[in-house]
Peer 1: 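Quick one: the structure is below, questions incoming.
Just so we're on the same page: letters track the sequence lines, and every chain starts at 1.
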Amino acid sequence: MTTPLKTGPATESSLERDVAKLLVDSLRLEMQPEHIDPSAALFGDGLGLDSIDMLEIALVVSKRYGVELRSENRAAFGSLRALAAHIAGNRTK
Amino acid sequence: MMRSMDSRTATAHPVRRREYGGRLPDPSAFPLLTHRSPGDTVAWHQDRAYSKQEFLRSVQALALRLPAKRYAINLCRNRYHFAVGFAAALLARQISLMPTCRAAEPLQQLSQRYPDAYLLTDHDEIESGLPRFLMTDVVEDDAGPAENPAIPADRIAAIVFTSGSSGIPRAHAKSWGSLVMGAQALGKQFDLSTSPSRIVVGTVPPQHMYGLETTIMVPLQWGWSIHAGNSVLPADIRTDLERLAAPAWLMTTPFHLKAYVSERVHLPGLEGIISATMPLSRSLAQEAERLWQSPVHEIYGCTEGGMLASRRATSGDLWSLCPNLRMKQEGDVSWVTGGHVGTWLQLTDRIRIHDRREFILLGPSYDLVKVAGKRASLAALNAALNRVEGVSDGAFYWPDQGRSGQGRLCAFVVAPGVKPAAILADLRRRIDPVFLPRPIYLVSSLPRNATGKLPHEQLETFAGRIMHPNRPSRG
């Protein structure tokens with residue numbers, strides 16, 4: 001595991017907002033980014049995303065933040081907060 | 001460890017070994033697999049090879065432990081587990097049901113239609129309330145020799161589903177003989193060789209007819225091996241390929257190929273790529289061939305018939321029909337017959353026959369939509385949309401009939417006072433999520449004609465106006 005960058009709560013929530021906007025824009029979700037509950041499940045009953053979305057998320061996250069998502073990072077796909085934390089800890093851009 | 005849901009199962013459904021022991025090439029039966037020696041590799045999971053002997057012992061052991069039921073809904077994610085479960089069910093004379101989706105409601109509907117069904121799975125993520133047999137690893141029955149069973153050609157191995165226009169999935173039974181003949185036809189079409197053996201890596205689930213044919217039946221019937229992985233993420237596929245001991249064939253779709261090409265993923269050791277579920281653009285195929293130095297082939301087929309034709313994606317528009325099939329056409333409607341297809345099967349696409357063995361694909365019939373390999377009837381989706389609380393009228397629309405890429409559907413909905421998010425939440429319970437409209441356009445009315453119909457041309461013009469309000473209209 002890469003050590004997370006030192007970021008304060010304000011930075012983290014701003015990254016969460018950026019990632020939320022990225023998800024809404026790239027997946028054309030029918031909601032405002034600020035309405036995504038950061039701790040709700042992205043797949044299944046939460047946002048109801050599917051396996052096609054998982055590949056799309058991996059692509060946009062790689063392009064925007066330089067983070068390669070793998071299936072072993074399953075936890076990172078758990079929620080917006082988990083995804084943002086994984087990006088914060090591994091981003092190269 | 002395998003856990004049996006029902007301790008009576010071992011005796012309630014005995015496998016009559018005598019019946020499966022035959023080794024003679026019998027036209028009315030086909031062997032489970034064609035690997036020659038007991039040590040031949042049947043599957044790879046990470047760096048572990050599973051031999052023919054291990055596979056057959058696991059299959060025999062599982063066949064004796066399965067619940068005494070008639071239908072197994074095989075939801076295994078690990079492709080090797082799927083293969084062991086599928087083969088064990090076949091030996092135990094159980095029919096594998098291939099659900100089109102893992103959502104709770106469709107699984108419930110499946111079990112209502114097939115009350116004597118249970119879930120055969122290798123993970124515990126599904127909450128459906130259905131009886132479940134959990135297979136978290138495969139065990140071997142080390143007593144007795146590992147026999148390669150000859151399975152009667154007319155035994156029903158699987159039931160696959162397509163969406164009917166009424167919204168109730170239509171069931172299609174697949175006999176073991178038709179699956180084997182399909183795999184043989186597929187291998188001949190691409191000139192596959194039984195020796196040396198190759199590894200099949202797939203990005204399509206084995207529960208999908210195309211995934212079953214290419215990632216399970218081809219390895220079993222051509223002496224190749226199954227790669228157990230089920231991830232579609234670029235980094236996973238790259239790592240999987242880097243670790244393989246033999247050249248691989250990638251069975252995939254235009255959706256996945258487009259993603260891997262856009263990422264410029266390093267995919268080493270590919271000998272062939274097969275794409276299906278929707279037409280691949282020539283530029284994407286050329287880019288893929290250049291990046292990975294591997295020919296890109298395309299399959300044209302359908303759930304009912306399996307593979308029907310193929311083409312080299314970079315070399316032209318003509319599709320070559322499988323040698324064991326014949327086709328005919330009347331007006332806009334075409335049929336194929338023969339070999340693994342059986343009696344005349346009507347195609348859901350519009351084609352133009354070029355000569356007896358070749359045709360050009362014109363496009364899907366106007367009722368059909370395909371997203372990520374899944375097929376639905378627009379009439380059925382519209383019926384679901386119009387059942388949503390507060391929706392007074394609504395129609396799904398497939399921009400450009402998918403020609404512009406792997407586009408999702410959108411919908412035009414008349415629903416005064418209702419929020420799109422509420423419509424989506426309701427729809428999510430009714431249809432497969434890949435067909436959920438993105439986005440929903442709320443409109444005041446739809447351009448229906450005097451008889452209440454919504455002609456395709458009118459809807460197209462209407463959609464153009466709503467989706468691109470600043471573009472000058474063509475009419």
Peer 1: Hey, which of A/Glu72, A/Glu56, A/Glu68, A/His35 has the most heavy atom pairs under 4.5 Å with chain B?
Peer 2: A/Glu68
Peer 1: Under 4.5 Å from any heavy atom of chain A, what part of B/Leu424 do you find: side chain, backbone, both or neither?
Peer 2: side chain
Peer 1: Which residue out of B/Leu233, B/Val434, B/Val232, B/Ile440 racks up the most heavy-atom pairs below 4.5 Å with chain A?
Peer 2: B/Leu233
Peer 1: As an exercise: rank B/Ala421, B/Gly229, B/Ser262 by heavy-atom pairs under 4.5 Å with chain A and give me the winner.
Peer 2: B/Ser262
Peer 1: Taking the side chain as every heavy atom from C-beta outward, state whether B/Arg132 and B/Thr121 have any atom pair closer than 4.5 Å.
Peer 2: yes
Peer 1: Pick one of side chain, backbone, both or neither for B/Arg429, based on which atoms fall under 4.5 Å of a heavy atom in chain A.
Peer 2: neither
Peer 1: Only pairs of heavy atoms separated by less than 4.5 Å count here; which of B/Pro437, B/Ala235, B/Ala425 has the most with chain A?
Peer 2: B/Ala235
Peer 1: Please tell me whether A/Arg70 and B/Thr239 have a donor and an acceptor in their side chains that are separated by less than 3.5 angstrom.
Peer 2: yes
Peer 1: Does a donor on one side chain sit under 3.5 Å from an acceptor on the other, for A/Ser62 and B/Glu263?
Peer 2: yes
Peer 1: Any side-chain donor paired with an acceptor under 3.5 Å for B/Thr215 and B/Arg79?
Peer 2: yes
Peer 1: Can you list the steps and then say if B/Tyr397 with B/Met467 is a side-chain contact (heavy atoms from CB on, under 4.5 Å)?
Peer 2: CA-CA 11 Å; B/Tyr397 178 67; B/Met467 296 167 72; 3.9 Å; yes
